[in-house]
Amino acid sequence: MTPLMNTVIASLAAGLLSVVCAVIVVLTARPTWVPLLVSYAIGALLGAVFLEILPHAFTLSHNADLVSMTVLAGILLFFLLEKLVLWRHVHAHDMEDHGHSLHEGHQRTGAMVVVGDSVHNFVDGIIIAAAFVANTQLGIVTALAIIAHEIPQEAGDVLVLLHSGLSRSKALMFNLLTSVATLVGGVFACLALQSLQHAVPYLLALAASSMIYVAVADLIPGLHRRVDFKESVWQIVLISLGVASIHWMHLIVQE
């Protein structure tokens, strides 16, 4: 199949699985499942970066230094973007303290989740497309890692939307709409990247920096808040399972 077809299928799979997981969370009301999914997602993200994406980026590029610099610049870029979001969030709370109601504050939080998740999913689509344009095997492994971290993210976002005052049906509807952004980003990037093959290694490097940042800066700190020995053991096991699943997928695709 063409990179475009692979990207469409992978993007649809990511969106469908995330919505199904969100439905399960809403119907069962078990947010305790989310930390377990997060642990697995961390392993899958880091495994995809260091076992697949970066090695492939270095192979495609004739300038390993530039690839490394792109990864570093990407991490700093995502740090800055998240800092801007945090500044906006703090400003919203300051406004709330000066007379806005708590309900309005929750509504703003819900709106920020919808907008932020849409942008995030659009970028995920670009990452999937860049990987498939480079190599089908790399695309499959990258899509697996994207799906792995999309599932707990979408489940958590639905819980936030419910907390912001939306009904179950509206929270799921918004979750479905934001998932479509993955497909839009994937199709857009795939059509553009096929005429810009020289940029693929550096887009892969940016994709790697995005996944490193999400895993290390956003997901891992949340695990450190749960210091129970049994939970810590489960975190290590599931992170290892996430890495192993990427390695197994690599071996399966190679056969």
Side-chain angles (χ1 to χ4, degrees), residues 1-22 37 41 44-49 52-54 56-57 60 70-71 74-75 77-78 81-82 85 112-158 172-197 199-215 218-219 246 249 253:
M1 288 190 292
T2 65
L4 178 59
M5 285 299 298
N6 285 328
T7 299
V8 169
I9 292 172
S11 299
L12 288 174
L16 178 62
L17 287 173
S18 65
V19 170
V20 168
C21 186
L37 295 171
L45 286 171
L46 295 179
V49 167
E52 292 289 337
I53 296 177
L54 282 181
H56 210 84
L60 290 176
T70 303
V71 174
I75 292 173
L77 172 64
F78 290 114
L81 291 176
E82 188 168 41
V85 171
M112 289 172 64
V113 165
V114 172
V115 174
D117 197 25
S118 298
V119 174
H120 181 91
N121 289 342
F122 185 83
V123 173
D124 281 345
I126 293 175
I127 292 172
I128 292 172
F132 273 117
V133 169
N135 180 276
T136 301
Q137 174 183 316
L138 179 64
I140 293 173
V141 173
T142 302
L144 177 64
I146 293 294
I147 290 170
H149 95 274
E150 274 292 313
I151 290 175
Q153 175 199 319
E154 298 297 342
D157 286 347
V158 166
L172 291 175
M173 181 189 68
F174 279 120
N175 182 262
L176 178 61
L177 289 175
T178 58
S179 296
V180 174
T182 305
L183 178 62
V184 175
V187 172
F188 169 78
C190 198
L191 294 175
L193 286 173
Q194 290 189 7
S195 60
L196 297 172
Q197 288 285 343
V200 170
Y202 309 105
L203 286 172
L204 291 177
L206 278 176
S209 65
S210 170
M211 296 164 83
I212 291 172
Y213 189 84
V214 168
D218 291 340
L219 300 183
I246 295 297
M249 181 60 67
V253 174

Margin query: If you count heavy atoms of other groups shown closer than 6.0 angstrom to CE of M173, is the number above 12?
Written below: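 For M173, atom CE is crowded (more than 12 foreign heavy atoms under 6.0 Å).
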Starting at [atom1] of [X], measure out to [atom2] of [Y] and round the result to the nearest 0.5 Å.
X    : Y    : atom1 : atom2 : value
I127 : I146 : CD1   : CD1   : 4.5 Å
I147 : S11  : CD1   : OG    : 9.0 Å
I246 : I140 : CD1   : CD1   : 11.5 Å
S210 : L203 : OG    : CG    : 12.0 Å
L16  : L176 : CG    : CG    : 9.5 Å

Distance-minimising heavy-atom pair for [X] and [Y]:
X    : Y    : answer
L60  : P201 : CB-CG, 3.6 Å
L204 : A134 : CD1-CB, 4.0 Å
A129 : C190 : CB-N, 3.6 Å
L45  : A145 : CD2-O, 3.9 Å
F78  : L206 : CE1-O, 3.8 Å
M211 : A48  : CE-CB, 4.0 Å

Check: Can you name the residues that form a side chain to side chain contact (heavy atoms under 4.5 Å, CB included) with V187, not counting sequence neighbours?
Finding: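 By the side chain to side chain contact (heavy atoms under 4.5 Å, CB included) rule, V187 matches L4, V8, L183, L191.
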Checklist line | Residue list, side chain to side chain contact (heavy atoms under 4.5 Å, CB included) with L77, at least two apart or on another chain | finding: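 For L77, the residues satisfying side chain to side chain contact (heavy atoms under 4.5 Å, CB included) (neighbours in sequence not counted) are L81.
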Margin query: With heavy-atom distances below 4.5 Å as the criterion, would you say the side chains of S209 and T70 are in contact?
Written below: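 A side-chain contact under 4.5 Å is absent here.
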Notebook entry, point to check: Is the shortest heavy-atom distance from the side chain of L138 to the side chain of F132 under 4.5 Å?
Noted result: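 Of all side-chain heavy-atom pairs linking F132 with L138, none is under 4.5 Å.
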Check: Counting N and O atoms only, with roles assigned by atom type, does the side chain of N121 sit under 3.5 Å from a partner on the main chain of T178, one being a donor and the other an acceptor?
Finding: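 Checked: pair present.
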Check: Does T142 reach the main-chain N or O of G139 with its side chain, forming a donor-acceptor pair under 3.5 Å?
Finding: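 Flag not set: sc T142 to bb G139 has no pair under 3.5 Å.
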